[in-house]
Amino acid sequence: MAEGFLLERMTWPQAQAAFKRTSFAVFPLGSTEQHGPHLPLGTDFLVAEELARRIGKRANVIVTPTLPIGYAQYHAVFPGTLSLTEETLMHVLVETCTNLLRYGMTHVLFVNGHGGNMTALR
C-alpha cells in the first residue's frame with residue numbers, strides 16, 4: 001500500500017484494502033492564518049498534519065487529507081488568512097465523516113491544530 005496509511009497517496013483499490021484492514025481514521029485539520037510575522041500561515045494545519053501522520057504510521061490506521069482551512073474570521077485583517085464560517089466547517093466535517101462511515105470507519109480521531117475550530121468540532 002502506498003505509504004501504508006495516507007489516503008491521498010492510495011489508489012482506490014489500495015484504499016479499499018485499507019478500509020477493510022481498519023475501521024479507524026485520523027483526520028488532521030487546522031487553519032491558514034497569521035502566527036506573528038515569523039511563522040508561516042500554515043502553522044496550524046502543518047503541525048496537525050505531522051502529528052496525524054505520526055499517529056497513522058505508528059498505529060497503522062488511515063490518515064485523511066488535511067483540511068487546511070478552518071474558522072479564523074477574526075484573523076481576516078492579516079493578509080493571507082483563509083476562513084470558512086463555523087457552519088460551513090461543521091458541514092465539511094460531518095459530510096467527510098459520512099463518507100468515511102460509508103467505507104466502514106467507525107472511529108475518527110480529529111487532530112486539530114487550531115482553537116478556532118473547536119465550536120464546529122463540538
Side-chain angles (χ1 to χ4, degrees):
M1 192 175 324
E3 301 234 14
F5 56 94
L6 299 176
L7 187 60
E8 71 264 22
R9 303 230 176 139
M10 297 178 194
T11 62
W12 75 261
Q14 290 169 330
Q16 184 177 46
F19 286 124
K20 287 180 181 175
R21 177 180 45 77
T22 185
S23 61
F24 195 99
V26 180
F27 187 148
L29 69 150
S31 183
T32 301
E33 44 95 356
Q34 67 82 31
H35 288 87
H38 60 296
L39 291 174
L41 295 169
T43 296
D44 288 347
F45 78 80
L46 292 169
V47 170
E49 182 175 78
E50 181 59 26
L51 287 171
R53 287 174 188 244
R54 289 181 186 198
I55 293 167
K57 185 174 184 177
R58 187 167 201 173
N60 198 28
V61 296
I62 294 170
V63 177
T64 70
T66 302
L67 181 60
I69 302 170
Y71 176 71
Q73 211 47 50
Y74 46 89
H75 288 293
V77 298
F78 297 96
T81 296
L82 302 176
S83 182
L84 302 171
T85 65
E86 288 180 325
E87 182 179 17
T88 298
L89 177 58
M90 182 188 66
H91 287 296
V92 168
L93 297 173
V94 167
E95 290 180 27
T96 302
C97 286
T98 300
N99 283 285
L100 292 170
L101 283 167
R102 180 181 308 128
Y103 303 128
M105 298 297 97
T106 59
H107 295 81
V108 177
L109 171 67
F110 292 100
V111 178
N112 178 37
H114 178 64
N117 294 337
M118 290 307 297
T119 298
L121 282 166
R122 283 189 191 103

Give the minimum heavy-atom separation between E86 and A120, together with the two atoms involved.
-> O-CB, 3.8 Å
Find the distance between CG (N117) and CZ (R122) and round it off to the nearest 0.5 Å.
-> 11.0 Å
Transitively linked via ILVMFWY side-chain contacts under 4.5 Å: F5 with V61?
-> yes
Count the heavy atoms belonging to other residues, nucleotides or ligands that lie under 6.0 Å from NE2 of H35, then report whether that count exceeds 12.
-> yes
For T81 and Q34, work out which heavy atoms get closest and say how close.
-> OG1-N, 4.2 Å
Transitively linked via ILVMFWY side-chain contacts under 4.5 Å: Y74 with L41?
-> no
side-chain contact (heavy atoms from CB on, under 4.5 Å) between L93 and L121: does it pass, once the steps are laid out?
-> CA-CA 8 Å; L93 297 173; L121 282 166; 3.6 Å; yes
4.5 Å side-chain heavy-atom contact, F27 and T96 | yes
Are any non-hydrogen side-chain atoms of K20 and Q16 less than 4.5 angstrom apart?
-> yes
For a side chain to side chain contact (heavy atoms under 4.5 Å, CB included) with N112, tell me which candidate from L51, L67, D44, L29 qualifies.
-> L29
Is there a chain of hydrophobic side chains (I, L, V, M, F, W, Y, each step under 4.5 Å between heavy atoms) that links M90 to L82?
-> no
Around atom CD of E87, are there more than 12 heavy atoms of other residues, nucleotides or ligands at under 6.0 Å?
-> no
Return the set of residues passing side chain to side chain contact (heavy atoms under 4.5 Å, CB included) with A48 (not counting sequence neighbours), or none when no residue passes.
-> P28, V111
Side-chain donor/acceptor of T32 to backbone N/O of P68, under 3.5 Å | yes
Indicate yes or no: at least one non-hydrogen side-chain atom of Y103 is less than 4.5 angstrom from one of I62.
-> no
Can you check side-chain contact (heavy atoms from CB on, under 4.5 Å) on Q73 and T85, steps first, answer last?
-> CA-CA 7 Å; Q73 211 47 50; T85 65; 5.9 Å; no
Heavy-atom distance under 4.5 Å between the side chains of F19 and L7, does that happen here?
-> yes
For the atom pair CG (L100) and CD (E95), what is the distance rounded to the nearest 0.5 Å?
-> 12.5 Å
Answer yes or no: is there a side-chain heavy-atom contact under 4.5 Å between I55 and V63?
-> no
Decide yes or no for S83 and Y71: does some side-chain heavy atom of the first lie under 4.5 Å from some side-chain heavy atom of the second?
-> yes
Angle class for the H114/H75 ring planes (parallel below 30°, perpendicular above 60°, tilted otherwise)?
-> tilted
Check the hydrophobic clustering (I, L, V, M, F, W, Y; side-chain heavy atoms under 4.5 Å; chains of links allowed) and say if F45 and I69 are grouped together.
-> no
Does some side-chain heavy atom of N60 sit less than 4.5 Å from a side-chain heavy atom of R21?
-> yes
How many angstroms lie between CG in L46 and OG in S31, if you round to the nearest 0.5 Å?
-> 11.0 Å
same_hphob_cluster(L89, M118) at 4.5 Å side-chain heavy-atom cutoff | yes
